[in-house]
Enquirer: 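Please find one structure pasted underneath; my questions will follow.
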Amino acid sequence: MQIASWNVNSLKVRLPQVLDWLRENPVDALALQETKLKDENFPVEALRDAGYAAVFAGQSAYNGVAVLSRSPITAVRTGLPGFDDPQQRVLACTIGPLRLINLYVPNGQSVDSDKYVYKLDWLARLRDYLQAELAEHPHLAVVGDFNIAPDDRDVHDPAAWAGQVLCSEPERKALQVLLDLGLTDSLRLHESAGGIYSWWDYRMMAFRRKRGLRIDLVLVSAALATLCEESRIDATPRGWERPSDHAPVIARFRNLS
DNA sequence: ATGGTCGTCTCACGA
C-alpha cells in the first residue's frame with residue numbers, strides 16, 4: 001500500500017496537476033491540504049473518473065483537507081474532538097487496514113503572533129486526539145502539512161531560521177510530544193541525511209536555489225513503522241509551471257493491502 | 001536591502 005500527502009495550495013488551481021501526478025504515481029490514498037474549496041465545489045466527479053473516492057472538509061478561501069482513495073473510505077471524522085473550530089484542518093478516516101489522519105497544522109505566522117498561540121494550543125489538543133486514535137488503531141498514519149521542521153537537518157539555513165516560526169523550540173517540542181505517543185517520522189526510518197525538503201517559499205527563487213524546509217510529514221505508529229518500506233518526497237511537481245509551494249510526500253507499506 | 005510571490009471572498013490578508 002502506498003499513501004501520499006500534498007499541500008496543493010488551492011485544489012481549484014491544482015486539480016490538473018493532482019490528476020497528472022496520480023497518473024504517474026497511482027498511490028492507494030492521497031491526503032490533500034489547503035484545498036481552499038467549499039464542499040459543494042469539491043471536484044468529486046473528476047476524481048471519481050480518475051479512480052478515486054473522496055472525503056473532504058472544506059471552507060471558502062482558506063484551509064480545507066481531503067482524502068482520496070482507490071478503495072472505500074469509512075469512519076470519517078473531521079476536526080479535533082471538543083474543539084469547535086471553523087478552520088477545517090483535520091480529517092480522519094479508515095481505508096482497509098489503515099487509519100489515516102490528515103492534518104493541516106496552523107502556520108503560526110510568527111512567534112509573537114496570536115496565531116502562534118493558537119498553533120501551540122491546537123497542537124496540545126491534537127496530542128490528546130492522537131493518543132485516543134492510537135489506542136484504537138494499531139495501523140495509524142498521521143500525515144500532512146505540520147508547519148514544523150523537525151530538526152536542523154530539515155532546514156536549508158538553520159542559523160537564519162533559528163527561533164523563527166516553523167523551527168522554534170516550542171513547536172519542535174510540541175511535535176516531539178506527538179512522537180512520544182508512539183509515532184515515528186517515517187522519512188527518518190530510512191534516511192538520516194539533511195537537505196531533503198517539502199516546501200520552498202514562492203519568493204526569491206527558493207526552489208531553484210534549493211532553499212527549502214521539510215515540514216510535510218508522514219508519521220507512523222509502531223506497527224506501521226515495521227511495515228514501512230519507503231518514505232520519500234517527490235520534488236518534481238514543485239518544478240512544474242504554476243506549482244504549489246509544497247511537494248508531495250510518499251510512504252509505502254508491505255503486507256498492508 | 002525587513003523586500004521578494006502566490007491564492008483568495010483581491011486595493012488586504014494568510015502563507
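Letters go in sequence order (proteins before strands), and every chain restarts at 1. The model shown is predicted, which means the values in this text are computed figures rather than measured ones.
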Enquirer: For nucleotides B:dC6 and B:dA1, find the distance between their P atoms and express it as a whole number of Å.
Expert: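 It comes out at 26 Å once rounded to the nearest Å.
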
Enquirer: Members other than A:Met204 in its cluster, when Ile, Leu, Val, Met, Phe, Trp, Tyr link by side-chain heavy atoms under 4.5 Å?
Expert: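 A:Met204 shares its hydrophobic cluster with no other residue.
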
Enquirer: For atom P, what is the distance between B:dG4 and B:dA12, given to the nearest Å?
Expert: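 Straight-line distance between the two P atoms is 16 Å.
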
Enquirer: A:Arg14 near the nucleic acid: base, sugar-phosphate alone, or nothing, with a heavy-atom cut-off under 4.0 Å?
Expert: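 Answer is sugar-phosphate: A:Arg14 comes under 4.0 Å of backbone atoms only.
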
Enquirer: With a cut-off of less than 4.0 Å, is there a side-chain N or O of A:Arg242 near OP1 or OP2 of B:dG7?
Expert: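 A:Arg242 to B:dG7 OP1/OP2: side-chain N or O found under 4.0 Å.
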
Enquirer: Please report the shortest heavy-atom distance between A:Ala92 and A:Arg99, naming the atom on each side.
Expert: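 Here A:Ala92 and A:Arg99 meet closest at CB-NH2, 3.7 Å.
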
Enquirer: It should be established whether A:Ser10 places a side-chain nitrogen or oxygen under 4.0 Å from OP1 or OP2 of nucleotide B:dT8.
Expert: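 So the side chain of A:Ser10 is within the cut-off, an N or O lying under 4.0 Å from OP1 or OP2 of B:dT8.
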
Enquirer: Just how far, in rounded Å, is P of B:dG7 from CD of A:Glu241?
Expert: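 Interatomic distance, CD of A:Glu241 to P of B:dG7: 11 Å.
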
Enquirer: Could you work out the separation of B:dT10 and B:dT5 based on their C1' atoms and round it to a whole Å?
Expert: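 Taking atom C1' in both B:dT10 and B:dT5, they lie 14 Å apart.
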
Enquirer: Relative to the ring of A:His246, is the ring of A:Trp199 parallel (under 30°), tilted (30 to 60°) or perpendicular (over 60°)?
Expert: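 Plane angle between 30° and 60°, so tilted.
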
Enquirer: Counting N and O atoms only, with roles assigned by atom type, does the side chain of A:Asp154 sit under 3.5 Å from a partner on the main chain of A:Asp151, one being a donor and the other an acceptor?
Expert: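 Pair found, side chain donor or acceptor close to backbone of A:Asp151.
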
Enquirer: Less than 4.5 Å apart, any side-chain heavy atom of A:Tyr129 and any of A:Phe83?
Expert: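 No, every pair of side-chain atoms sits at 4.5 Å or beyond.
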
Enquirer: Answer yes when A:Asp85 and A:Arg89 have at least one side-chain N-carboxylate O distance shorter than 4.0 Å, and no when they do not.
Expert: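 So A:Asp85 does not pair with A:Arg89 through a salt bridge.
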
Enquirer: Could you tell me how far B:dG7 sits from B:dC11 if I compare only their C1' atoms? Round to whole Å.
Expert: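 These two C1' atoms come out 15 Å apart once rounded.
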
Enquirer: Please name the pair of heavy atoms, one in A:Gly144 and one in A:Ser5, separated by the smallest distance, quoted to 0.1 Å.
Expert: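 Heavy-atom minimum between the residues: CA-OG, 3.3 Å.
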
Enquirer: Distance check needed: B:dC6 P versus A:Met205 CE, whole Å only.
Expert: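 Answer to the nearest Å: 11 Å.
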
Enquirer: Spell out protein contact along nucleotides 10-15 of chain B as letters: B when the base is contacted, S when just the sugar-phosphate is, - when no protein heavy atom is under 4.0 Å; keep the 5' to 3' order.
Expert: ----SB

Enquirer: Can you measure A:Met204 atom CE to B:dC6 atom P for me and round it to whole angstrom units?
Expert: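 Computing the A:Met204:CE to B:dC6:P distance gives 13 Å.
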
Enquirer: To the nearest angstrom, how far is A:Lys12 atom NZ from B:dT8 atom P?
Expert: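 In whole Å, B:dT8 P and A:Lys12 NZ are 6 Å from each other.
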
